[in-house]
Amino acid sequence: MSRFAVADMHGIHAILYALFDDQERLDRAAMRRQVEICLEVGVHGMAALGLATEVSKLTDAERRTVMDWIAEDTDGKVPLALTIFGSSVAEQIAQLRHAESVGADWLILQPPMVGQYGAAEYIRFFGRVAEATDLPVAIQNAPAFMGRGLSSTEISDLVRQHPNIQLVKGEGPVVDIAGLVEATGGKLPIFNGRAGLEMLDNLRIGCRGLILAPDCIDYAVAAYDSFKAGDEAGALATYRQMLPAVVSTMQGLENLLCYGKRLFALRSGLAVHDRGPALRPNTTGLAMIERFAAEMGPLQLRTGLLANENG
């Protein structure tokens with residue numbers, strides 16, 4: 001059972017990067033520090049095992065390990081979402097059971113990354129997995145990144161058929177998300193992503209919040225808090241400070257994993273080691289990221305400390 005009501009879920013949720021050591025193994029200490037930083041900057045929720053966590057590069061055992069770690073480190077302080085990845089209903093339900101066992105508050109279902117099928121097949125697939133749990137379920141709808149997705153009308157139909165599908169994790173332009181808001185009558189909580197592109201306009205059309213990798217998460221939290229307090233000018237000023245980095249890193253998923261992760265590392269005092277295959281940084285890209293990191297400064301924690309003091 002979720003410790004948090006869906007109606008209360010909002011704001012900026014952090015989706016963790018997969019941080020590896022120099023042997024390409026998951027780095028326990030770095031993953032723990034990443035969670036600590038996100039909590040200390042004031043995120044409103046935590047998430048893992050989505051596209052930013054490079055879930056397709058992880059083994060089944062590693063996915064379960066990440067679930068164990070993030071649940072332990074988050075410790076119920078904020079709502080915890082775990083993305084369910086798998087090529088079959090049985091595989092996803094097995095992952096779902098482990099997510100339940102560690103105390104996930106809600107689940108995000110990804111379409112199986114095998115084959116290409118019509119909407120009816122994905123609706124049946126999602127429905128069968130959702131029926132296996134009592135936790136609130138979201139659908140990850142990211143056709144631009146995953147090559148698979150549902151239309152606003154199809155998502156609305158899916159939600160009507162399966163009452164515990166209660167949220168959507170979108171990855172699309174605000175004009176497309178507005179169509180989903182309209183199709184669902186504004187009653188379906190929607191969290192967008194895309195590293196924070198069009199962040200304030202997503203909030204203006206009714207998105208509940210955004211799920212973002214942590215490279216600019218402190219600025220995103222501050223902008224969101226200002227926006228919700230009615231200070232749109234302050235929110236815009238803060239958002240403008242993070243926007244050049246957002247635009248630069250969000251040139252595609254592999255670009256985010258290469259340069260967004262390195263921006264986070266520079267701002268947090270952590271190290272980056274890629275797990276191949278991976279996009280490798282070049283001199284121009286590294287120079288841009290170093291400039292963004294210098295301009296934005298270390299991640300600002302609500303405790304008043306700088307993230308790299310404990311890195």
Side-chain angles (χ1 to χ4, degrees), residues 13-41 43 46-74 82-83 85 95 110 113 145 193 195-196 211-218 242 245-246 248-299 301 305-311:
H13 293 219
I15 178 75
L16 297 187
Y17 284 124
L19 299 178
F20 303 105
D21 64 17
D22 58 3
Q23 300 299 309
E24 299 192 17
R25 301 167 300 197
L26 285 169
D27 186 326
R28 176 65 181 113
M31 293 293 286
R32 179 186 290 117
R33 185 62 188 139
Q34 183 177 197
V35 172
E36 291 172 348
I37 288 169
C38 291
L39 291 174
E40 290 172 24
V41 302
V43 297
M46 295 291 302
L49 296 174
L51 298 174
T53 319
E54 298 175 78
V55 64
S56 63
K57 290 185 184 179
L58 305 180
T59 67
D60 181 80
E62 286 175 325
R63 291 177 207 131
R64 294 168 189 257
T65 295
V66 171
M67 291 183 187
D68 295 342
W69 289 352
I70 187 175
E72 176 184 347
D73 298 338
T74 302
L82 293 173
T83 297
F85 175 93
Q95 291 280 315
Q110 284 189 347
M113 297 301 288
F145 298 132
I211 302 179
L212 307 176
D215 34 297
C216 301
I217 200 81
D218 50 342
M242 65 182 272
V246 170
S248 178
T249 58
M250 199 60 232
Q251 299 294 322
L253 179 59
E254 296 305 326
N255 200 73
L256 176 70
L257 296 175
C258 176
Y259 294 109
K261 188 186 290 190
R262 283 172 169 80
L263 177 58
F264 172 69
L266 286 171
R267 300 190 65 221
S268 65
L270 295 172
V272 170
H273 301 283
D274 296 310
R275 173 178 282 189
L279 177 66
R280 309 296 176 171
N282 62 29
T283 302
T284 300
L286 287 175
M288 291 174 66
I289 293 305
E290 289 168 1
R291 186 174 70 253
F292 294 143
E295 291 170 350
M296 299 177 76
L299 279 137
L301 310 187
L305 300 175
L306 299 180
N308 63 0
E309 289 181 3
N310 296 319

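What you are looking at is a predicted structure, and each value in this text was computed from that prediction instead of being measured. Sequential numbering from 1 along the given sequence is applied to the chain's residues.
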Which residue pairs satisfy the side chain to side chain donor-acceptor pair (under 3.5 Å) criterion with at least one member in residues 47-57, sequence neighbours excluded?
Glu54-Lys57, Glu54-Lys261
Spacing of Gln251 atom CD and Leu256 atom CG [to the nearest 0.5 Å]
10.5 Å
Can you sort out the partners of Glu72 under salt bridge (Lys or Arg N to Asp or Glu O under 4.0 Å), two or more places apart, ordered by chain and number?
Arg28
Asp27 versus Ala29, closest heavy-atom pair with distance
OD1-N, 3.2 Å
How would you list, by chain and number, every residue that makes a side-chain hydrogen bond (donor to acceptor under 3.5 Å, both in side chains) with Gln110, sequence neighbours excluded?
Gln140
Not counting sequence neighbours, which residues clear side chain to side chain contact (heavy atoms under 4.5 Å, CB included) with Ala265? List them please.
Val272
Considering non-hydrogen atoms only, spot the tightest contact between Cys258 and Leu279 and give its length.
SG-O, 3.4 Å
Of all the heavy-atom pairs spanning Ser268 and Ile37, show the shortest one and how long it is.
CB-CD1, 3.6 Å
Could you pull out all residues at least two apart from Asp21 that satisfy salt bridge (Lys or Arg N to Asp or Glu O under 4.0 Å)?
Arg25
Taking distance alone, no hydrogens or angles, what donor-acceptor pairs closer than 3.5 Å link side-chain atoms of residues 289-299 to residues at least two apart or in another chain?
none

Name all residues meeting the side-chain hydrogen bond (donor to acceptor under 3.5 Å, both in side chains) criterion together with Asn255; count only those two or more places apart in sequence or in a different chain, and write none if there are none.
none
Residues two or more places apart in sequence or in another chain: which of them pass side-chain hydrogen bond (donor to acceptor under 3.5 Å, both in side chains) with Arg63?
none
Set of residues satisfying salt bridge (Lys or Arg N to Asp or Glu O under 4.0 Å) with respect to Glu62, sequence neighbours excluded
Arg275
So, taking the atom named CD in Glu36 and the one named OG1 in Thr74, what distance separates them when rounded to the nearest 0.5 Å?
10.5 Å
Can you tell me how far apart CE (Met288) and CG (Leu263) are? Round to the nearest 0.5 Å.
11.0 Å
Roughly how far, to the nearest 0.5 Å, is CD1 of Ile217 from NE2 of His13?
9.5 Å
If I compare all heavy atoms of Val43 with all of Ala14, which pair ends up nearest, and what's the gap?
CG1-CB, 4.1 Å
Are Phe85 and Gln95 packed together at the side-chain level, in the sense that at least one heavy-atom pair is separated by less than 4.5 angstrom?
no
In short, Asp215 meets Arg267 closest at the heavy-atom pair O-NH1, 2.7 Å
Please walk me through it: do Leu82 and Ile70 pass side chain to side chain contact (heavy atoms under 4.5 Å, CB included)?
CA-CA 9 Å; Leu82 293 173; Ile70 187 175; 3.8 Å; yes
State whether Asp68 and Arg64 are salt-bridged, where the test is any N-O pair (Lys NZ or Arg NE/NH1/NH2 against Asp/Glu carboxylate O) under 4.0 Å.
no
Closest non-hydrogen atom pair, Leu16 against Cys38
CD2-SG, 4.5 Å
List the residues meeting salt bridge (Lys or Arg N to Asp or Glu O under 4.0 Å) with Glu254, not counting sequence neighbours, and say none if there are none.
none
Residue pair Val66 / Leu58, side-chain heavy-atom distance below 4.5 Å
yes
Going by side chain to side chain contact (heavy atoms under 4.5 Å, CB included), name the residues that satisfy it together with Asn282, two or more places apart in sequence or in a different chain.
Tyr259, Thr284
Working to the nearest 0.5 Å, report the span between CG of Leu257 and OG1 of Thr249.
10.5 Å
